[in-house]
Every structure is written in structure tokens, then in C-alpha cells.
2 protein chains.
Amino acid sequence: MVVFAGQGDARRSLSLLWRAEVAAPPRVGPGPRPRLSVDAIVAAAVAIADEEGMAALSMRAVGERLGRTAMALYTHVPGKSELLDLMYDAVHAELPSVYPESEPDDWRAPLTAWAGEVLEFYVRHPWVLQVSQARPVLGPHEYANLDTLVRLLGATGLPARTVRRLVGTLFPLVQGSARTVADARRAARATGSSDEEWWAARAAALTELVPDFAERFPAVVRLEREGAPDPYPEDAEREDLPYPEREARETFRVGLGVLLDGIDAARAGQGPATDTGRP
Amino acid sequence: MVVFAGQGDARRSLSLLWRAEVAAPPRVGPGPRPRLSVDAIVAAAVAIADEEGMAALSMRAVGERLGRTAMALYTHVPGKSELLDLMYDAVHAELPSVYPESEPDDWRAPLTAWAGEVLEFYVRHPWVLQVSQARPVLGPHEYANLDTLVRLLGATGLPARTVRRLVGTLFPLVQGSARTVADARRAARATGSSDEEWWAARAAALTELVPDFAERFPAVVRLEREGAPDPYPEDAEREDLPYPEREARETFRVGLGVLLDGIDAARAGQGPATDTGRP
DNA sequence: CGAAGTTACTTTACGGCGTAAGGAGTCGCA
DNA sequence: TGCGACTCCTTACGCCGTAAAGTAACTTCG
């Protein structure tokens, strides 16, 4: 009728994402009372993805969990990819937005806390790392988290251009670590022995098929021999964790520390590496 | 018959991955001459993934491209996931292993070159970033690339433990940037205007549905206003590239630079952030 | 030289997936 | 009271990975 023609798709997705913000008419009109809701669908889908992984997430599975058929979902949600967007944004609501500074002008502690919080978040919901971000989701809770990070990075005093680029650096770092931690945790859950068997079979076959491995990849072999040892005293608090996960978390700590050191260097010099205008 | 019972799976996968190394009997025996080969199958699969993306990669599609049926592949390859492993390792053969130093003891230039090379590699084969690494592939070319990185990092003089952790930091960084560059490039290919339309519809719907966006996410809004401008003189060489890709590449450069600055700091101090043993 | 055995590939089929199309039942309102 | 809007269900289509069984090509052995 009026001018809105054609853009229905973007509007539909976005109004679902921001549905809490839009004043919800308190349900009138004809038709049977709905026994399903967007929130219930999203919650069921998230539960499946959390418990059984992304591969087990199907429209039929979500419907079954709610005691409905798969097709019933399509009344409330345009399709699976939009449902994924909704799941993605919904879980991001778990992330806090306030990170106290331990002392005035302390940007490092809040940033570290933010990264740690996001790491735990990804480990709780590893499927989030598999949601394609080819086109951004643009939901409220993702924006809130982004806003938080930008605010914390702003405290470094670095120019907006640099902040923008550090955002694009911090996210992959945390995500990469989260993937490793999540994998370590999954491997630890897998019957314990069966996973070791897998590795044993793999290693045996490798040494048999590639007897000259050590000569061909000396650096890797040396690293595996020298790089792995002694859990650090600091991790005593975490002694409950299995070794691979401790390793992964330590990698995260070190990587983040190095990056923050680099930010510090950029701050001090106002940026040999960040300001690209040569003198 | 003999002792090898049970472990056939790992052996099968690994001997396929390392098949070039294993002395190939020059084909004798009965039966029709094979018109298909592992290499041909892997090449066809890689071509499909490169050209049409991971979603278009199906056993039927690979078979069709080779003028065979899908089931014909199963004579040469155990299944789709093993084929993915083979594709993954095959393309890694493109990565060089020698990165010259510009001057003696220069670890920074080779590392930067390595990261750049790997970035271009991921941009050429973005589907590689979608191959699940829950269990490592353990192929020869992946090992070669890993060995190269470890060697280059070894030149920093940092202890093996730290090197090990930096490996786990550098890969996600490059992969994250590669994802962004690849997305930017794909967006640029998509008819040009249609992608802008998508954004326009999105933005219009957003401002309509969330009129108080600027008040709720002030940091994000400020960043978008201030962080985006002026392409740098250094990028003149790249003036051919569309703006989003230039942005993504600049993010990569800056992020990597900051991380290398952090490594430099760790080297200088032998590590406030990397050596975790408190004094 | 022919039968037997091995191998490469095809055909058919099964149970999954996302979702289009159409039908059945429930409710508010004219 | 009945119309129209609405929720949910049934059925069906064309994809997917791959198991099972059949066919034809080829070497080897009797």
C-alpha cells in the first residue's frame, strides 16, 4: 500500500531482534491463543545447541522439544538463519557491561576482565563461534557488548582510528582462545580414555607412516618437548582443571598480556605501530 | 589377519594425508583401470569450495564435476570429513616456508611476511576457516607451516613456553583478519549495489525501530563517526581495493603491529606478561 | 583359453534436513 | 451466526551423506 514496499525482510528480522524494545501490543485479535512464542523457541534452540552442539540443532528438534512440529515454528520465526540470529543475540545478554577499574585511569584491569568474561561466555556457548558473521547480526545485546569494549578501549586514550582497529584485533584473539578451551573441555568430557586412544592410534600411525618426522619438522618437535612442562603456581587455584584446558587458558593469558603490552607501547609512543603516518 | 586390527581408521586417514611420502606401488593387480584418483577428487573439491563456497560442496557436486557419481568417490576416500581433511592439507601446500630476514637477527620482518602470506592464503581459500579444528588434521603441509612459524618465533629468543603460546595467539589473529577481508571482498563482489541496498534497508529499519540508538550505544556511534576516515598514504599502492577491504587490511596491519610490539616488550624485559613466575 | 577373483563404478534406497503448500481447528468481532 | 484472522498440522519436494547390492572391466591362475 504505502511506501514501505520491498524492505519487509530487513524490517522483519530487525524487529524480531529488537522486539523487547518495540512496544508490544498486549495481544488482541482473532485466532487461537498462541501456545508458542519467539522467546520460548529461542530458549529451546539455545538449550539444544548448548547441550548437544550446533550439529544437533534442527527445526524438527526445536519443535519436538516444545511439543510441536517443526512447521509450527515458521509462524513465529521466518527461518532457521533468522532463528540463529536471535539465538546469537539472546545469549549475548549474559555479558555484563560494567567493569570496575582497580584504580583511576586503569584501563588494563577492566580490559582483562572483559576478555575473561567474554572467554567464559564463548566456552559456555561454543556454538556462538560457529554463527556466520558474514553479515553482522545487529542485535541489541551484541551492540551492548561492542559498546562496552569500545568504552574500555577509549580509556587508553588512543585515537578513535586505532581503537576501531583494536576492536578487530581483540575479538579474534578471545574467540581463538575460546575455541581452544572449548575443544579441550569437550575432549576431556569424551570418556577420558577414548580420546586418549584416539591420540594414541594417531601417534602410532604417524610415527609408522612418517619415520622421518623429527628431521622434517624439527622446530615443532622441539617445541613439543620443551614448551609443555610445569603448570604454573598461579594456576594452583585451577588445579581442578584438566591439563589441556589449563594450557589453553594460559595461552589466552599470555596472548592477551602481550597484546596489552603492545597497546601500552602504542600509548607511550602514541604509536610506532598504530599511527601510520611516517615522520 | 595380523595385529593391526582395530586401528584401521586412523591409519587410513593418515596414510591418505601423507600419501605422497609413502612409496606408491606403481599400480598392478586386477580390476578395471581407475579413472579417478584421490588427487583429482581433492582438486575438484577444492575448486568447488573456492568458486562456490563451502555450502556448495557436496559429494554429488564433486562427483558431477568429475563426470562420475557421488558414490564413486567412496572407492577412493572414506567419507566427506576425510575429504575435507585432505582438502585442508592440500591447499596448505601453497604456503612458503622461507622468509628472508632483511638484516641479521631481524625477527620482525619475517614474522610480518609470514602473517601476510597466511592472510592472503586464507583470503584465497576462505572455506579453510570453516574446517572444524576440534581434532587437528595432522597433515604434512599444515605441519610444515607450523614448523615455519615456530622457527620464525624462535628467532625472538623467547623461551619455548612463550613461543608455544604465541603460536596460539598469532593464528587466531590472522584468521580473524582473514575472515574480515574475505567478507569485505565477498560483499564487494555481490553486484555492488545490492549490498548497499541491503545495508540501506538495514540502517533505515534500525533507525526506525530503535530511535534512541545513539543514546544507548554512544561509544559505538562515536567510533563510527570518528574512526573511519581518510585512507592512509601508505595504502596508495592499494587504491584499487574497495574501501571495506582496505579498512580490513589496515586493521590487520595495526593489530599485528601491536602484537609484535608486545613481543618486543616481552623480549626486552624477558617478560612481565609472558613469564608468569613472579619474582 | 576360459573361469575365478578383484576392483571401479553405478543404481537404488534410507533416513535426515529446510521449508513450500494447503488444510484443520480456534477464536474475536461484525 | 458466520466471516476472517490466526495457530498449528499434514504432506510433500528436493537436497544431503552414505549403506547395500549390482555390473562391467581387468588380471591371474588352472
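A note on names: the letters A, B, ... follow the listed sequences, proteins ahead of strands, and every chain is numbered from 1. All values below were derived from every heavy atom in this structure, side-chain atoms included, with hydrogens, water molecules and symmetry-related copies excluded.
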Check your understanding: Roughly how far, to the nearest 0.5 Å, is the CG atom of A:L149 from the CG atom of A:L95?
Key -> 11.0 Å
Practice item. Mind checking the CE-NE2 spacing from B:M87 to B:H125? Nearest 0.5 Å is all I need. Key: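 With rounding to 0.5 Å, CE (B:M87) is 10.0 Å from NE2 (B:H125).
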Provide, to the nearest angstrom, the distance between the [atom1] atom belonging to [X] and the [atom2] atom belonging to [N].
X     : N      : atom1 : atom2 : answer
B:R68 : C:dT7  : CZ    : C1'   : 15 Å
A:L66 : D:dT7  : CG    : P     : 16 Å
A:H76 : D:dT7  : NE2   : C1'   : 7 Å
B:E64 : D:dG14 : CD    : P     : 16 Å
B:L36 : D:dA25 : CG    : C1'   : 16 Å
B:R35 : C:dT7  : CZ    : P     : 18 Å

Review point. Can you name the residues that form a side-chain contact (heavy atoms from CB on, under 4.5 Å) with A:R179, not counting sequence neighbours?
Key: A:L129, A:Q175, B:R179
Revision key, fill the gap. Closest non-hydrogen contact found for A:D89 with A:P140 is OD2-CD, 3.1 Å
Point to revise | Residue pairs, two or more places apart or on separate chains, that pass side chain to side chain donor-acceptor pair (under 3.5 Å) and touch residues 60-76 of chain B | key: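 Passing the test, one end in residues 60-76 of chain B: B:E51-B:R65.
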What protein N or O atoms touch nucleotides 18-20 of chain C N or O atoms at under 3.5 angstrom, if any, and at what distances?
| from | atom 1 | to | atom 2 | distance (Å) |
| --- | --- | --- | --- | --- |
| C:dG18 | OP1 | A:M59 | N | 3.4 |
| C:dG18 | OP1 | A:K80 | NZ | 3.0 |
| C:dG18 | OP2 | A:M59 | N | 3.0 |
| C:dG18 | N7 | A:R60 | NH1 | 2.7 |
| C:dG18 | O6 | A:R60 | NH2 | 3.2 |
| C:dT19 | OP2 | A:Y74 | OH | 2.7 |
| C:dT19 | OP2 | A:K80 | N | 3.0 |
| C:dT19 | O5' | A:Y74 | OH | 3.3 |
| C:dT19 | O4 | A:R60 | NH2 | 3.2 |

Exercise for review: Output yes when at least one side-chain N/O atom of A:T69 is less than 4.0 Å from OP1 or OP2 of D:dC9, else no.
Suggested key: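 It does, given that an N or O in the side chain of A:T69 lies less than 4.0 Å from OP1 or OP2 of D:dC9.
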Point to revise | Phosphate contact (C:dG28 OP1 or OP2) by A:R33 side-chain N/O below 4.0 Å | key: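 Answer is yes, contact under 4.0 Å.
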Review point. Base, sugar-phosphate, or nothing: which does A:A72 touch, judged by heavy atoms less than 4.0 Å apart?
Key: sugar-phosphate
Exercise for review: Report yes if the distance between the aromatic ring centroids of B:H92 and B:Y143 is under 6.0 Å, otherwise no.
Suggested key: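 They do not qualify: ring centres at least 6.0 Å apart.
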